[in-house]
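For reference, the structure discussed in these notes is given below.
Just so you know, residue 1 is the first one in the sequence shown, and it goes up from there.
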Amino acid sequence: MSYDPRFDRYRSPNSKGSKQPDDRTRWAKPTKMAISGKPGSPPRPPMNRLKLSKFRLWAVWAVLMLGGLGLAVNLFYLQVTRGPALQKQAEQQQTLKTKPFVPRRPIIDRNGNVLAIDRQVYTLYAHPKLFKHTKAEIAASLAPMVPIKVSAGNTAETELLQKFNLAETGITIADSLAQEVADQVGRMLIKNSPVDGLELVRQQQRFYPQQELVADVLGYVDGERKGQAGVEYSQQNLLERSMPSIQFSKSIDGHWLPDRLTAGFVQLDDLKLQLTIDSRLQRVARIALREKMEKHGAKRGTVIVMDARNGELLSMVAEPSYDPNQYFNFGLERYKNWAVTDVYEPGSTFKAINVAIAMEAGVVKPNSVFNDEGRIYMGIWPIQNSDYQSAGARGPSTVTEILKHSSNVGMVHIMRTMKSSLYYQALEKLGLGQSAGTDLPFEVTSQLKNREQFINSPVEVATTAFGQGFSITPIQLVQLNGALANGGKLVTPHVVRGLFDREGQAYWKLPRAVPKQVFSPKTTKQVLEMMETVVDGGTGKAAQIPGYRIAGKTGTAQKASGGGYSNKAIITSFVGIMPVEAPRYVVLAVIDEPKGGSGGTVAAPIVESVMEALISIEKIPPSKK
């Protein structure tokens, strides 16, 4: 039986084209025929099914187009808009740049002695939960080797046991262990292997073999290897070695591999930062200062030695000091070098500078005579000599005698011979109101009254004449006295010579300012000869050294306090210059708040001790009078 589309029914194969339906199709229900223009075409689906199919087709097409458009937009966003950022992110994830550990350059003194150097140290950690031996056994083995701080009533062994009981892991037993101690612990670990639970972590540490000897100049380096005081801070760029970064790329298996390592890239230079400090003289100055401070119960003190020819500081000591190896055990006030960070009223040690100003202006000569009444009044303000109660009025006195006996009244008369405006101009020329320009950090400027106040107030001129009413740093006072020693030039005090190689050849030197001429050589020679009388028979006799000509000036000044002056607190000082026939070295000692004494009895003996050491170290021949 076959289907005959013309009649929409089945036709028996036996019908042979008969138009009569057989019994099997006779009663078949006719269906709707799709209109076709061609006989024999297949039947068309119903109209609603056709519309549904077209809708589905368009929907699929729309989804595909929208999806393709979305992909195109996203591709544009990723490839063009965010392309550079994603590329950078990919590089960051797949590459790593780091700088290898590079030790800081060593610091040495003028003779090549090491003052600061990097070294390997170790920190010992304990993890008791991993111990394979008892805590008592490990404590007994470690106690003789590891230096630990022991509490009162404890032994090193019991102290270790107490530490082991603090936690199960991560206990710091000791830090900053030297290589030899770490080697001992390492040998113990091998001998008693396996001794799990002890861990040695290697680190780099800045080491100061001289401890507090030069701490005021050197400063210290913190845990992040950054200088925080002294030349460690001010010369950070010279002390840090430059080293190119190493780039690592992540391999397929996840390991980091270095890229483009060139031969010798980790080769370090042998340069060292050399200072002008002489460790031998530094030690003498610190001992002498410390002894006097302890004897007189002083609050603090400083000693400075400068070569007046070029401004090199051979010694700079400040007490109380600190050990830069253990800077964290000291208060913040110890870190500053008050010789450059604090100002004070210099008192009578400034009188020689004032005499030089007056002589340079041509208003006085060494033999000019002034009446020393012992006590005068400037308006309502009384001014008297420090020895007025015992010596009274000295009467007519030469400029040399006024300086020799440190007469306040005589100095007022001398400086009043100058116009106030010219006096102020001379003080500014010397650098008052500015800093000395040293290469040590945190230096402050000196303080001077403003021009109008100074010129219009006679009492300001009077007090400045004997070293009060203005403030300077100890380092600037050394600089000014250096001008008296070198023929009238202001040199820049400094402690850095430069970078030198192992052969002692200069690789780089710190540039210095051209010295400024402030006095004539004739003036400075006459002032030095007057200052020599201070040591020979005046207030500075304690600084005498047999066979040597020494110029000097004492100072005992009341400390400024609350707009006035303290009745108890004083600052004593002495500045010495030697040798007078060929002046070169300036030595200053300043003692803050000693209990009793004066500049001649407290500070002058310190300068004498330092000068004796200087004579020996520099091989200074005796003077020929």
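- A donor-acceptor pair is defined here as one N or O able to donate and one able to accept, closer than 3.5 Å; such a pair exists between the side chain of Y548 and the backbone of I620.
- For F370, there are no ring-ring contact (aromatic ring centres under 6.0 Å, His included) partners at least two apart in sequence or on another chain.
- When the options R105, R206, R104 are evaluated for a salt bridge (charged side-chain N to carboxylate O under 4.0 Å, His left out) with D118, the one that passes is R206.
- The backbone N or O of V409 sits nowhere less than 3.5 Å from a side-chain atom of Q384 that would complete a donor-acceptor pair.
- Residues satisfying the side-chain contact (heavy atoms from CB on, under 4.5 Å) test with T524, not counting sequence neighbours, are L484, F519.
- For V355, the side-chain contact (heavy atoms from CB on, under 4.5 Å) partners at least two apart in sequence or on another chain are M359, V399, L403, M411, V527, M530.
- Using a cutoff of 4.0 Å between basic side-chain nitrogens and carboxylate oxygens, D342 and K336 are scored as salt-bridged.
- The two residues G599 and F574 come nearest to each other via the heavy atoms O-CB, 4.1 Å.
- The list of salt bridge (charged side-chain N to carboxylate O under 4.0 Å, His left out) pairs with a residue in residues 592-607, not counting sequence neighbours, reads R300-D592, K559-D592, K559-E593.
- Residue pairs satisfying the ring pair (Phe, Tyr, Trp, His ring centres under 6.0 Å) criterion with at least one member in residues 481-514, sequence neighbours excluded, are absent.
- Between the side chain of D109 and the backbone N or O of L275, no donor-acceptor pair lies under 3.5 Å.
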Check step by step if side-chain hydrogen bond (donor to acceptor under 3.5 Å, both in side chains) holds for D372 and S397.
-> CA-CA 6 Å; D372 182 0; S397 303; 4.6 Å; no
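- The closest side-chain heavy-atom distance from H413 to I402 is not below 4.5 Å.
- Using modelled atom types, no side-chain atom of N481 and backbone atom of A483 make a donor-acceptor pair closer than 3.5 Å.
- Every ring-ring contact (aromatic ring centres under 6.0 Å, His included) that Y233 has, sequence neighbours left out, goes to F442.
- Nearest heavy-atom pair across A465 and K351 is O-CG, 4.0 Å.
- For N371, the side-chain contact (heavy atoms from CB on, under 4.5 Å) partners two or more places apart in sequence, or in a different chain, are E373, P396.
- No donor-acceptor pair closer than 3.5 Å links the side chain of S616 to the backbone N or O of E612.
- A cation-pi arrangement is absent between R334 and Y322 under the rule of less than 6.0 angstrom and at most 45 degrees off the ring axis.
- Counting heavy atoms from C-beta outward, I414 and N354 have side chains that stay 4.5 Å or more apart.
- Side-chain contact, E345 with Y565: a donor N or O sits under 3.5 Å from an acceptor N or O.
- Checking side-chain atoms of T438 against main-chain N and O of P493 turns up a donor-acceptor pair under 3.5 Å.
- Atom CD1 in I591 sits 8.5 Å away from atom NE2 in H296 (nearest 0.5 Å).
- The two residues S420 and V461 make their nearest non-hydrogen contact at OG-CG2, 3.6 Å.
- Judged as a ring-ring contact (aromatic ring centres under 6.0 Å, His included), and not counting sequence neighbours, the contacts of Y423 are F454.
- Side-chain contact between R283 and I287 is present, with heavy atoms from C-beta onward closer than 4.5 Å.
- The two residues E443 and A436 have their closest heavy-atom pair at OE2-N, 2.6 Å.
- At least one side-chain heavy atom of K553 sits less than 4.5 Å from a side-chain heavy atom of S406.
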Is there a side-chain hydrogen bond (donor to acceptor under 3.5 Å, both in side chains) between S446 and Q476 once you walk through the steps?
-> CA-CA 8 Å; S446 52; Q476 191 168 22; 3.0 Å; yes
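- Sorted by first then second residue, the salt bridge (charged side-chain N to carboxylate O under 4.0 Å, His left out) pairs that include residues 414-435, not counting sequence neighbours, number zero.
- When side chains are defined from C-beta on, M418 counts as touching I357, because their heavy atoms get closer than 4.5 Å.
- Contact record, G597 with I570: O-CD1, 3.8 Å, taken as the closest heavy-atom pair.
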Dump the intermediate steps for side chain to side chain contact (heavy atoms under 4.5 Å, CB included) on K525 and K522, then the final yes or no.
-> CA-CA 5 Å; K525 184 176 184 296; K522 179 181 177 182; 5.9 Å; no
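- Residue pairs that meet the salt bridge (charged side-chain N to carboxylate O under 4.0 Å, His left out) test with at least one member in residues 484-498, sequence neighbours left out, are E312-R497.
- Enclosure of atom CD in Q425 is not indicated, since only 12 or fewer non-hydrogen atoms of other residues, nucleotides or ligands lie within 6.0 angstrom.
- Of all non-hydrogen atoms in K541 and G538, the two that sit nearest each other are CG-O, 3.2 Å.
- Looking only at distances, no side-chain donor or acceptor of S234 sits under 3.5 Å from a matching main-chain atom of L440.
- A donor and an acceptor atom, one from each side chain of N367 and T398, are nowhere located under 3.5 Å apart.
- Screening residues 313-329 for salt bridge (charged side-chain N to carboxylate O under 4.0 Å, His left out) gives R286-E319, R290-E319 as the qualifying pairs, with residues at least two apart or on separate chains.
- A distance-only check finds no donor-acceptor pair linking the side chain of N325 to the backbone of F207 [under 3.5 Å].
- A donor-acceptor pair is defined here as one N or O able to donate and one able to accept, closer than 3.5 Å; such a pair exists between the side chain of Y424 and the backbone of K449.
- Side-chain atoms of D439 come within 3.5 Å of backbone atoms of V495 as a donor-acceptor pair (strictly under, hydrogens ignored).
- Residues passing the side-chain contact (heavy atoms from CB on, under 4.5 Å) test with K272 are P106, I108, sequence neighbours excluded.
- Inter-residue side-chain proximity for Q235 and I107 is flagged as unmet; no heavy-atom pair is nearer than 4.5 Å.
- P474 places a side-chain heavy atom less than 4.5 Å from the side chain of L588.
- Contact check for W338 versus D216: no side-chain heavy atoms found under the 4.5 Å cut-off.
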